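Below is one structure, written out as structure tokens, with a few remarks after it.
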Amino acid sequence: MLDNALMDHLLNNLNTEQLAAVTLPAQSALILAGAGSGKTRVLTTRIAWLLKTGQVSSYSILAVTFTNKAAKEMLARLGTMLSDNLRGMWVGTFHGLCNRILRLHWKDAALPQSFNILDAQDQLSAVKRILKVANLSGDWYKPQSVAHYINSQKEKGLRAGDVRPRDHHEQELARIYEIYESQCQREGVVDFAELLLRCCELLERNQPLREHYQSRFRHILVDEFQDTNDMQYRWLKLLAGKDTAIFAVGDDDQSIYAFRGANVENMLAFRTDFKVKNFICLEQNYRSKGNILDAANALIAHNQKRLGKNLRTDAGQGEPVRILKLPSDTNEADWVCQEVQHLKAEGIPYREMAVLYRSNAQSRVLEHSFINKKIPYRVYGGLRFFERAEIKHAIAYLQLISNPNNNAAFMRVANFPPRGIGTRTLEQLDDLAKANNCSLYDAIPLMNGRSRSALEAFARIIDQGTASTFNKNLPDLITSIIESSGLEMYYQKEKEGAERLENLEQLISAAAQFLIEEGYDFEQYAQTSSLSVNTNASNDVIASSPNIIDANDNHPVNMSPLSAFLSHASLEAGDAQADENTDAVQLMTVHAAKGLEFEAVFITGLEEGLFPHENSSHDKKGLEEERRLMYVALTRAKKKLYLSCAEYRMLYGHANYNKHSSFIDELPEENTKLMFKQKKASYIDEAEWGNIPSSKPQTSATHHKWRAGQSVYHKKFGEGVIIRLESGDRAFVNFGSVGMKHLDLTIAKLERL
DNA sequence: AAATATCAGCTTTTT
DNA sequence: GCTGATATTT
């Protein structure tokens, strides 16, 4: 039981609103939690409170997050508050929890017991295999767009048979979707969207099961509610019974994932669907100084569609937000480095500084500067551990061991390392498999001729692995498969193989670590318990005596260590590289920065067209999401915030001359300070900056000077002709062999010829 | 089966 | 302008 004094201590550290949220009665509630308002603390203390007051046991609590990182953080914090009360509680991501339910009720869900999970890459290759046969071409049938189509249908809850095609193309897409569905089913694999959809269908179809979970979970807590998509909301509604209280925490102003299906409207829908009486705003910010917060508040106030909220702080005004315009992207990068060195000298560690940008392409120039100045840095968002080729190869062998029907895994490693199984052989095998409606693996004995023995040698590697699941623990199994598959030998011979071998070693230790963290017995082999196969009668079992399922749906989940590890590998791609402990400046996109905080933040590339990005800024909806993105960026900073833009930027091989971002104009003058690189910096037009923040209508003085057809000279591009003038003083100029440029005439220095 | 040529694509992205 | 993926070559 939780210590009384500790609980008092936890409650004493909350402000009025937080306390109100934490101690809310057992009814559904919507908590609007602003940036830096102690959201995670409220979530975890709420759980502690529910347990402490004896309202429920941990068994009745489900907490769901979006990312593994958030789930882990929540568990870690709960661990410091509670001793052993965590047992029985479900904490995880939407996908992780769906996986858990599907593993428990695999039979009811019409899945093989050890189904594999496809990550985005795997899904793409599955689609490619289909497209090769379907013989379709054109932009509509690019693997990427087909996969996107399938995913969006699944997110709408539509199976291939439910699709009502609008035109010929969609008819074809629906046909591919149908083939994809049956292929996945045949191969015993499930993609990310399928985890959600399949789980929802299971709960919808199976009333006793649904009622079991609905009465079990008395409290469902949802983190980052503004990021939920329609399917996730449907899942929540299915799990919530009439006595379930949903505690939804989110911030509509930080909704930046609409482009991948997140639906902020779920916050409004939730209020009506669940007749939410408890609505609490957390507006006290514990992160940023006043100027930073005021600037962020003023910016986001430009959005019309908001629930409405204004952050406040007791931390004092602090320094003004510094704004700087530089001649070029390289100058900008150099200046950032220079300022980083100043801050370091002032005593701020590198790891407390972040350089943010709108798109990944911008990192290049910055990195170049950091290397030059020998400043340690770390770029977020590279290849993650489980996405590396050598790891995916090893995983493919393991997938085949757990599920030989997985043709994607089969194709991936049948001839890797090379063992004389050519494309021709695989084609023949594929034909046989199709003709006999079986997997590639099962088609091997049907082959004849020379190729058969090569295939059999491959099958033997898999079979040996399968056999050792009964007498080897997981790390040993992986060690032996890396050896017997020939991966080890292959990378030993390879020139660049040393690093790959190291990663394979890491895979083995990751497995060992995983077993410990998940509470598996180290010497546990294939299946965890005989109870795991009770799903034949599960309907009755669950309906009549929930205790039986309770006994075995806690940790370790009823998955074999191998299946569990494979799920882990697909659902949690791991961190991008190690070095998390080294003191380095953090470089990342604004999206990647969500949820993080730093002493000092640089937001770079604040140019119209880049941030806000021109692909998003045409309609109001898009522009408002860009503004929320800017809001997220601003609110990452604790003490120091720098905004910079460049007059000239090289992007995708084209020169860009853009105005500074309109978002800069939306910041109040009293919270900002314009900086100048040099006193007489000719490239900074002080008058232009004097206009901030009043957005003075653009005068078109330049239009008197320029006309279409005018011959001009540009220092970099040479001679050209103005083709077309546009409002906003922009023009298309044809520079002949250099190409057509879209220039802002107030910035680009053109001479008349 | 590796080496080389060609070619699209290019905002954000977790599971 | 650069990268990653595919096509073509030897």
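Everything numeric in this text was worked out from a predicted model, so none of it was measured.
- In summary, A:Glu607 and A:Arg358 do not engage in a salt bridge, as defined by a charged side-chain N under 4.0 Å from a carboxylate O.
- Stacking annotation: A:His591 is not stacked on the base of B:dT12 (requires ring centroids less than 5.5 angstrom apart and an interplanar angle below 30 degrees).
- Contact annotation: A:Asn360 side-chain N/O to B:dT13 OP1/OP2 distance is under 4.0 Å.
- The main-chain N or O of A:Asn229 is found under 3.5 Å from a side-chain atom of A:Gln232 such that the two form a donor-acceptor pair.
- Distance CD (A:Glu367) to P (C:dT3): 11 Å, rounded to an integer number of Å.
- Of the side-chain N and O atoms in A:Lys69, none sit less than 4.0 angstrom from OP1 or OP2 of B:dT15.
- With hydrogens and angles left out, the side-chain atoms of A:Ser114 and A:Asn403 include no donor and acceptor closer than 3.5 Å.
- A:Gln232 comes within 4.0 angstrom of nothing in the nucleic acid, heavy atoms only.
- Residue-level contact check: A:Phe66 touches the backbone only, with heavy atoms under 4.0 Å from sugar-phosphate atoms and none from bases.
- In this structure, A:Tyr652 atom OH and C:dC2 atom C1' are separated by 11 Å, rounded to whole Å.
- The residue A:Lys594 sits apart from the nucleic acid: no heavy atom pair falls under 4.0 Å.
- A close approach under 4.0 Å does occur between a side-chain nitrogen or oxygen of A:Arg364 and OP1 or OP2 of C:dT3.
- Projected onto DNA chain B by closest heavy-atom contact, A:Tyr490 and A:Asn68 fall at different nucleotides, the more 5' of which corresponds to A:Tyr490.
- Counted by atom type alone, A:Thr425 and A:Gln428 present zero donor-acceptor pairs between their side chains at under 3.5 Å.
- Taking side-chain N and O atoms only, A:Arg384 has a distance below 4.0 Å to OP1 or OP2 of B:dT15.
- Within the structure, a side-chain polar atom (N or O) of A:Lys142 is placed less than 4.0 Å from OP1 or OP2 of B:dG9.
- Here the P atom of nucleotide B:dT12 and the CD atom of A:Gln254 are 20 Å apart, to the nearest Å.
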